[in-house]
Amino acid sequence: MNESLRGIVLHTVKYNEKNAVVRVYTDAHGIMSFLLPQSAGKVARMRRALFRELSLLEITTAITPNRDIFRIIDARVSEPLPMLYTNPVKNTIALFLTELLSRVIVEQEPNAPLFSYIWSAIKLLDALDDGIANFHICFLWNLGVFLGIEPDASTYSKGYAFDMVNGVFIHGLPAHSHFVTGDEAEEVYRLSRITFENMHHYRFSRAQRNRVLELSLEYLSIHNSSLGNLRSPEILRALFD
């Protein structure tokens with residue numbers, strides 16, 4: 001049975017001499033894998049160009065039960081992203097999002113709110129003219145809402161420590177080592193209110209932004225063991241003053 005899907009391209013890996021496999025986060029079926037021909041023909045080249053990381057596509061495929069890899073019947077761009085691949089800053093942020101999402105999203109079940117959030121965020125990143133220095137921080141913290149690991153800001157009181165394991169602010173210190181105190185705990189509380197609409201109001205030095213990124217990734221890794229060590233944050237750390 002043929003089905004039309006919206007999909008966010010995550011990454012492509014070699015499958016055999018004739019095909020690669022592209023992993024796509026879809027609206028209707030979560031993560032799906034598709035065969036992507038690697039021949040030198042014009043059609044194959046055009047199709048490969050469509051499946052760049054974070055491309056927003058409409059894909060027609062044949063849904064066959066008990067299959068792990070599906071055939072692409074048709075594919076076209078749903079939302080053009082003219083700046084994402086040509087603007088060096090946006091391209092670096094896109095590299096980070098691609099690596100992050102490829103590690104974090106593994107489910108083969110639909111999650112409409114998460115899909116909508118990622119789709120909209122990618123469109124926004126492409127469209128932003130300025131003020132994108134905090135985009136990756138904002139994306140990370142709001143991603144936690146859809147992954148069910150949002151810190152409980154209601155437990156905050158000035159002087160409390162932030163317990164990263166339990167996602168709450170506490171009086172005193174937890175028995176484990178995953179916590180922050182003082183200004184960093186207060187920063188966590190402040191970040192709990194960051195949105196794409198207000199992120200330009202958050203002022204960080206390069207050192208502060210890098211520390212916030214470090215804390216954000218540490219918190220996510222505590223709650224998602226598949227994250228592992230990412231390579232792209234090293235490039236991000238050198239971007240913004």
Side-chain angles (χ1 to χ4, degrees), residues 4-13 20 22-27 31-32 34 36 42 44-59 72 74-105 112-146 191 194-206 208-210 212-213 216-217 220 230-241:
S4 294
L5 313 165
R6 289 195 302 160
I8 303 166
V9 178
L10 295 184
H11 71 268
T12 302
V13 296
V22 57
R23 293 184 75 244
V24 179
Y25 186 45
T26 69
D27 57 345
I31 291 291
M32 296 181 71
F34 297 95
L36 191 62
K42 182 178 179 181
R45 291 198 307 271
M46 290 176 62
R47 181 161 289 181
R48 288 198 299 274
L50 285 178
F51 283 83
R52 298 184 69 175
E53 284 82 358
L54 297 190
S55 290
L56 304 178
L57 305 178
E58 291 184 16
I59 301 170
I72 300 167
D74 188 34
R76 67 183 183 87
V77 172
S78 178
E79 301 282 353
L81 303 171
M83 298 302 297
L84 200 66
Y85 308 110
T86 57
N87 181 297
V89 173
K90 293 183 179 184
N91 194 36
T92 301
I93 295 174
L95 176 66
F96 169 70
L97 298 187
T98 300
E99 188 178 23
L100 174 72
L101 295 173
S102 296
R103 300 282 188 90
V104 170
I105 302 176
L114 176 60
F115 181 89
S116 180
Y117 169 68
I118 298 171
W119 184 281
S120 298
I122 293 169
K123 287 176 56 180
L124 176 63
L125 176 59
D126 181 76
L128 282 174
D129 291 324
D130 51 27
I132 63 174
N134 293 331
F135 184 93
H136 56 298
I137 301 296
C138 183
F139 182 88
L140 260 176
W141 276 93
N142 286 282
L143 182 65
V145 176
F146 300 96
L191 283 168
I194 194 171
T195 66
F196 290 124
E197 288 73 27
N198 69 19
M199 65 182 180
H200 61 284
H201 293 302
Y202 284 68
R203 303 297 181 186
F204 301 109
S205 67
R206 176 181 288 184
Q208 288 170 331
R209 185 175 289 107
N210 287 342
V212 168
L213 176 60
S216 303
L217 290 172
L220 181 57
L230 303 180
R231 292 174 293 178
S232 52
E234 283 301 320
I235 306 173
L236 272 178
R237 290 185 180 102
L239 267 185
F240 305 106
D241 291 322

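Hydrogens, waters and symmetry mates are skipped; everything else that's a heavy atom, side chains included, is used.
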Quiz prompt | Min side-chain heavy-atom separation Phe51-Ile72 under 4.5 Å | solution =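 They are in contact (side-chain heavy atoms under 4.5 Å apart), so the answer is yes.
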Self-check item: 4.5 Å side-chain heavy-atom contact, Leu101 and Tyr25
Solution: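 Answer no - side chains too far apart.
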Self-check item: Pairs flagged by side-chain hydrogen bond (donor to acceptor under 3.5 Å, both in side chains) wherever residues 84-98 is involved - sequence neighbours left out
Solution: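 Residue pairs with at least one partner in residues 84-98: Ser55-Tyr85.
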Quiz prompt | Full working for side-chain contact (heavy atoms from CB on, under 4.5 Å) between Ile137 and Met199 | solution = CA-CA 9 Å; Ile137 301 296; Met199 65 182 180; over 6 Å; no
For [X], enumerate each residue passing the salt bridge (charged side-chain N to carboxylate O under 4.0 Å, His left out) test, keeping only those at least two apart in sequence or located in another chain.
X: Arg203; result: none
X: Arg237; result: Glu234
X: Glu197; result: none
X: Arg6; result: Asp27

Pairing residues for [X] by the side chain to side chain contact (heavy atoms under 4.5 Å, CB included) criterion, not counting sequence neighbours:
X: Val77; answer: Leu50, Leu57, Pro80
X: Ser120; answer: Ser116
X: Ser78; answer: Glu58, Trp119
X: Pro113; answer: Asn111, Phe146

Quiz prompt | Results of ring pair (Phe, Tyr, Trp, His ring centres under 6.0 Å) for Tyr202 - residues two or more places apart only | solution =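 Ring pair (Phe, Tyr, Trp, His ring centres under 6.0 Å) list for Tyr202, sorted by chain: empty.
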Quiz item: Listed by chain and number, what are the ring pair (Phe, Tyr, Trp, His ring centres under 6.0 Å) partners of Phe196, not counting sequence neighbours?
Solution: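 By the ring pair (Phe, Tyr, Trp, His ring centres under 6.0 Å) rule, Phe196 matches Phe135.
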Quiz item: For the side-chain contact (heavy atoms from CB on, under 4.5 Å) test, which of Ile118, Asp126, Ile122, Val9 pairs with Leu56?
Solution: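 That would be Ile122; it is the only one of Ile118, Asp126, Ile122, Val9 passing the side-chain contact (heavy atoms from CB on, under 4.5 Å) with Leu56.
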Practice problem: State whether the side chain of Glu99 and the backbone N or O of Arg231 hold a donor-acceptor pair below 3.5 Å, judged by distance alone. | Solution: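 Yes, because the side chain of Glu99 sits within donor-acceptor range (under 3.5 Å) of the backbone of Arg231.
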Quiz item: Any donor and acceptor pair, going by atom type alone, linking the side chain of Asn142 with main-chain N or O of Ile194 inside 3.5 Å?
Solution: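 Side chain of Asn142 to backbone of Ile194, a donor-acceptor pair under 3.5 Å: yes, one is there.
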Quiz item: Is there a side-chain contact (heavy atoms from CB on, under 4.5 Å) between Ile59 and Val24 once you walk through the steps?
Solution: CA-CA 10 Å; Ile59 301 170; Val24 179; 4.2 Å; yes
Quiz prompt | side-chain hydrogen bond (donor to acceptor under 3.5 Å, both in side chains) partners of Thr12, counting only residues at least two apart | solution =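 side-chain hydrogen bond (donor to acceptor under 3.5 Å, both in side chains) list for Thr12, sorted by chain: empty.
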Quiz item: Got a second to check how far Ile132's CD1 is from Ile93's CD1, nearest 0.5 Å?
Solution: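 Separation between the atoms: 4.0 Å.
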Exercise. Before giving the answer on side-chain contact (heavy atoms from CB on, under 4.5 Å), spell out for Leu125 and Phe139 the whole-Å C-alpha distance, their side-chain angles and the decisive distance to 0.1 Å.
Key: CA-CA 10 Å; Leu125 176 59; Phe139 182 88; over 6 Å; no
